[in-house]
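Numbers restart at 1 for each chain; the letters A, B, ... are given by sequence-line order, proteins then strands.
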Amino acid sequence: MLMEVLSELDSDFSLPVIIALHRLKHIREGLVEALSLKSNLKTLEPNDKQKIEPGVVYLAPANYHMYIELGNTFSLSTEPLVNYSRPAIDLTLQSAAYVYRDKLIGILLSGANKDGALGMKRIHDYGGLTIVQDPEECRIDTMPRAALEITNINHTYSTARMIAFLNMVHRKRKLVTG
Amino acid sequence: MLEELEIRSLREIINAVRDNYAYDMSDFAQASLKHRIVTFANKVDISDPARLAERLGKDENLFDGLLEHMTVPVTELFRDPSFWRGLRNSIFPRFADLNKVNVWVPGCASGHELWSLLIALSESNLLHRTDVLITGRNEKLLEKGLSGLYLIADMELAANNYQRFEGKQSLTDYYTVEGQFAQFDHNLLKNVKTEVLLHDQGHTPSGRFHFILGRNLMIYYNNSLQEKTQQLFCEKLEKKGVLAIGNKENIIGRKANEQLVEINPEEKLYRKL
């Protein structure tokens, strides 16, 4: 699903894409390489305090929480697991909601626990746009359903619809900003 | 329940703590600082930030609680096994000719880094001639690091890491089971010394070190405090001494960059010129 989205985004996609994914803690290598192969955009795991640039895909590194800081940089932490996870989706989403407010699109894909639900709520509370993958389409639908339960999520989209939507946002933005 | 901390409230809390206990969090990275204060507020059931600031200013026990909450970021024993392999295979041999190896583990916190290091040194026959200094903000925190007491539940992960490190023995050789806890062998602590000092205030121990183990400490600082701290570490290294930082950290200051050469880019090991 994630691979599909990354492979279908316009190659000049102009927004930063920030991904927090539940992954094995002790395997540092491989995932970002696999995503890079499919992605049309530069894809990397950020270092602590790395600047967030447009048109780049960022993947939370193994065994670190990944926050967004005011000033548009990442910061990493080894704090305790949240929702049994490090990286925890909630921490990334909540910090992004605080920094980007109504400029943020929060997307929650299929997954096996409730991590991300509170983060999506925070994005909604700060005026951001929220989208979940259609639970009917999900291999494991716990994550999108948990978000739908506690937040009035703006859109429930299939993968194809989500890709079309993101590219549309990008193209409209391009028209406006030149 | 407190969910979010606005900047103004965060400042109030930072000021209350700084004015009363000389503990300055103003150069800490903001997002993780906020997260830790919010989780602390909920733990002690004070959901109004203004009240939390006021109470922290007056109640030293509450401040001690905050400090403990702040300074024990959990890692794990032998976190990043490839780092420990790199340390054993390419750094320890550099110490072969030294009569005495001086090592500094700043901000010892949960003690995971210390105990992993002691085991690695012991397996390389370096422990008996290595002085390890651990430093932290107060005695209580240092004791926690020294205790070598971890949950049995965490030993499975630790044993997996140890196996990937390709340790010489079994991790169980280093601890005894006491109820729910694994008690690591205090014989390993023979050459460990402690010193109370405030890293964030720029305090450093006397003497110089052949190795400073500072992984994932400075990710909790903003750029300016990171740069300052890296510079201090750099000054405290012996010539050709080695600094380890976390695998997602960078040396950011010009001065430190001029003096430190990357010797293992994957594991972020640097040697001082």
Side-chain angles (χ1 to χ4, degrees), chain A residues 18 24-30 32 44-52 58-88 90-101 118-119 121-126 150, chain B residues 1 3-7 10 28-36 38-40 69-76 78-83 109-110 112-113 154 157-158 160-165 215-227 245-252 266-268:
Chain A
I18 298 166
L24 290 172
K25 277 168 49 171
H26 62 274
I27 299 187
R28 248 163 45 184
E29 317 283 322
V32 76
L44 52 89
E45 291 171 341
N47 281 322
D48 181 54
K49 306 297 177 303
Q50 185 161 340
K51 196 159 176 37
I52 300 171
Y58 299 95
L59 173 70
N63 218 355
Y64 284 99
H65 292 306
M66 181 173 78
Y67 295 101
I68 319 298
E69 296 278 356
L70 292 167
N72 209 28
T73 64
F74 290 105
S75 65
L76 303 176
S77 102
T78 58
E79 289 161 288
L81 308 185
V82 172
N83 303 318
Y84 311 100
S85 309
R86 189 171 55 218
D90 274 342
L91 295 187
T92 302
L93 295 187
Q94 284 167 358
S95 62
Y98 184 78
V99 172
Y100 296 129
R101 313 263 160 159
L118 287 173
K121 181 170 186 307
R122 189 71 59 84
I123 290 173
H124 190 269
D125 293 347
Y126 273 116
I150 61 167
Chain B
M1 208 173 116
E3 290 189 351
E4 178 67 271
L5 202 52
E6 293 299 331
I7 300 278
L10 181 63
F28 287 9
Q30 218 167 70
S32 59
L33 175 62
K34 262 170 51 177
H35 173 62
R36 279 178 288 170
V38 166
T39 48
F40 178 72
H69 192 79
M70 293 290 301
T71 46
V72 190
V74 174
T75 64
E76 52 200 55
F78 291 97
R79 181 187 164 103
D80 302 319
S82 56
F83 164 80
S110 61
H112 289 112
E113 294 283 273
D154 294 336
L157 174 65
N160 285 337
N161 284 347
Y162 178 78
Q163 205 175 9
R164 291 191 186 95
F165 158 68
R215 297 197 308 157
N216 298 324
L217 288 175
M218 293 174 281
I219 53 179
Y220 300 102
Y221 297 166
N222 68 12
N223 272 322
S224 101
L225 186 55
Q226 247 179 32
E227 190 175 336
I245 58 176
N247 70 305
K248 297 308 265 175
E249 295 178 74
N250 286 321
I251 299 293
I252 55 173
E266 282 296 298
E267 306 303 340
K268 294 290 169 81

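Rounded to the nearest 0.5 Å, atoms CD (A:Q50) and CG (B:N250) are 8.0 Å apart.
Heavy-atom distances place no part of B:T39 under 4.5 Å from chain A, backbone and side chain included. Looking at A:V99, there are no atoms closer than 4.5 Å to chain B (heavy atoms on both sides), in backbone or side chain. Neither the backbone nor the side chain of B:N160 comes within less than 4.5 Å of any heavy atom of chain A. Proximity to chain B (any heavy atom under 4.5 Å) is restricted, for A:I68, to the backbone atoms N, CA, C and O. Only the backbone of B:L5 comes within contact range of chain A, with at least one heavy atom under 4.5 Å from a heavy atom of that chain. Both the backbone and the side chain of B:I7 come within less than 4.5 Å of a heavy atom in chain A.
Chain B forms more heavy-atom pairs under 4.5 Å with one residue of A:Q94, A:E45, A:H65 than with any other, namely A:E45. Interface remark: of the candidates B:E4, B:M218, B:E249, B:Q30, B:E4 forms the most heavy-atom pairs closer than 4.5 Å to chain A.
A salt bridge does not link B:E227 to A:K49: none of the charged side-chain nitrogens sits closer than 4.0 Å to a carboxylate oxygen.
At least one test fails for B:K248 against the ring of A:F74: distance under 6.0 Å to the centre or angle within 45° of the axis.
In this structure the side chain of B:Q226 reaches within 4.5 angstrom of the side chain of A:D48, judged on heavy atoms.
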Please assess B:S82 against A:R28 for the test side-chain contact (heavy atoms from CB on, under 4.5 Å), listing each intermediate value before the final yes or no. CA-CA 10 Å; B:S82 56; A:R28 248 163 45 184; 3.7 Å; yes

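Between the side chain of A:R122 and the backbone N or O of B:E3, at least one donor-acceptor pair lies under 3.5 Å.
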